[in-house]
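What follows is a single structure, written as structure tokens, with notes after it.
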Number of protein chains: 2
Amino acid sequence: MNYTEAKDKFISTWGALGTLWGINKAMAQIHALLWISPEPLSMEDIMEELHISRGNTSMNLRQLMDWGIVFKESKPGERKEYFVSEKDVQELARQVAKERSRREIKPVIKVLREVSGIEGDGTKKTEELIKQTKALYELADNADTMMNKIVNQESNWITKTLMKLIK
Amino acid sequence: MNYTEAKDKFISTWGALGTLWGINKAMAQIHALLWISPEPLSMEDIMEELHISRGNTSMNLRQLMDWGIVFKESKPGERKEYFVSEKDVQELARQVAKERSRREIKPVIKVLREVSGIEGDGTKKTEELIKQTKALYELADNADTMMNKIVNQESNWITKTLMKLIK
DNA sequence: TTAAACTTTCAGTAATTATTGAAAGTTTAA
DNA sequence: TTAAACTTTCAATAATTACTGAAAGTTTAA
């Protein structure tokens, strides 16, 4: 496998993984491209490499920036804007964990707390609803707390922790 | 909030979360419904409660069974089949982790190993590709190993581990 | 066996989500 | 200011994904 084959394989695999996890293909592929690029890339560069339109590129770059894993960069004397990805894998993991927690997990935890907190009325179905949503609430809340730990620790905490667990 | 409101809120929230994580709404909602149901439900019951078609119900029940989190149950003397969900939250988490690892993470790890294993040719871009995909490979491989740990431990391992980490 | 009771499959259709491309908007050099 | 160089927005459209419903398939009781 030569450079081009490896690059294409990585980009398309990353895109497919994204899709599986609810992230759109273009967004994941732009990230993949920037992740392995030693130089900042312009919108033109990205459009050309991935064969996607200007609008699509622009919208997905914005999303990646909203996620905090891609940044704008300007080269002195040039009008064009360039983009670079976060290059540290730990920081990438932290940022993704943090954003998914904030956008998706926290709101669900809130609902689970509300639902599991309703008053029992003595019926079996209400008891079951309370019991089962409470169990889910506790699981989600624990997982989320762990994520926040990860987010707020020094950068190689993940690896250290994983190592501890694996041993 | 009364029983019906709480139930509906839980089911629709669970469906929305599923969608966000690449799981279709009907599948997530059927799971939610079974999760809080004290009794096994028939296909009719599910169709009626969620207002979905027979075909849709059948296909998504199959998927839930493939994931190992919903089971068929027959009542003696009845022709109809009933369905129950795994009720233990630890077992649910284990099963979901196991399946996502097998279906999605493992294949990606394989590609990352292949891509990061290509031979360097002295160019900067090849060096960067190797370096960055190797970092991702290590992260994914660690995370997956942890998942497998979870899958193969006694049922309350997750909670214990999380507790250790949180303290 | 037969046929009733049930489940699965799948072609067609609907709903959702992603993408395009051109117009509108913004920035900057002169 | 102006206009060139660039980016963003968004209505239209394409692509993907989910859903329906009826036909085909399966199981079981008699």
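Given the structure is predicted, the values throughout are model-derived calculations rather than measurements. Chain naming here is simple, since letters A, B, ... match the order of the sequence lines and numbering starts at 1 in each.
- Across all strands shown, C:dG21 pairs with D:dC10; the Watson-Crick or G-U wobble distances both stay below 3.5 Å.
- Seen from the ring of B:Trp67, B:Arg100 does not count as a face-on cation partner, given the 6.0 Å and 45° thresholds.
- Atom P of nucleotide D:dT20 and atom CE of B:Met43 are separated by 12 Å, given to the nearest angstrom.
- B:Lys125 is not listed as a side-chain neighbour of A:Ser37, based on a closest heavy-atom distance of 4.5 Å or more.
- Of the residues near DNA chain C, B:Glu44 and A:Arg79, the one whose nearest nucleotide (by heavy atom distance) lies more toward the 5' end is B:Glu44.
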Assess the residue pair B:Asn56 and B:Ser53 against the criterion (side chain to side chain donor-acceptor pair (under 3.5 Å)); give the C-alpha distance rounded to whole Å, side-chain angles, the decisive distance to 0.1 Å, and a yes or no. CA-CA 5 Å; B:Asn56 197 6; B:Ser53 72; 4.9 Å; no

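- The partner of D:dT20, taking Watson-Crick or G-U wobble pairs whose two distances both stay under 3.5 Å, is C:dA11.
- Along DNA chain C, the stretch of nucleotides lying under 4.0 Å from any heavy atom of chain B spans, 5' to 3', C:dA4 to C:dT17.
- Side chain to side chain, A:Trp35 and B:Glu128 fail the donor-acceptor criterion of an N or O pair below 3.5 Å.
- Pairing of C:dA5, defined by two Watson-Crick or G-U wobble distances under 3.5 Å, is identified with D:dT26.
- An OP1 or OP2 oxygen of D:dT16 is reached within less than 4.0 angstrom by no side-chain nitrogen or oxygen of A:Asn24.
- For DNA chain D, the neighbouring residues in residues 48-74 of chain B, judged by any heavy atom under 4.0 Å, are B:His51, B:Ile52, B:Ser53, B:Gly55, B:Asn56.
- Cluster membership check: B:Ile46 does not share its hydrophobic cluster with B:Met59, using side-chain heavy-atom separations under 4.5 Å among Ile, Leu, Val, Met, Phe, Trp and Tyr.
- B:Leu33 is not connected to B:Phe71 by any chain of hydrophobic side-chain contacts under 4.5 Å among Ile, Leu, Val, Met, Phe, Trp and Tyr, and they are in different clusters.
- Nearest-nucleotide positions on DNA chain D place A:Ser42 closer to the 5' end than the other of A:Thr19 and A:Ser42.
- For the pair B:Lys72 and B:Tyr82, the cation-pi test (distance below 6.0 Å, angle within 45°) is failed.
- A single hydrophobic cluster is not seen to contain both B:Val84 and B:Ile30; linkage of ILVMFWY side chains at heavy-atom distances under 4.5 Å, directly or through other members, places them apart.
- Comparing A:Lys25 and A:Gly77, the nucleotide of DNA chain C nearest to each residue sits closer to the 5' end for A:Lys25.
- Judged by distance alone, with hydrogens and angles left aside, the side-chain atoms of B:Lys87 form a donor-acceptor pair with the main-chain N or O of B:Leu34 at under 3.5 Å.
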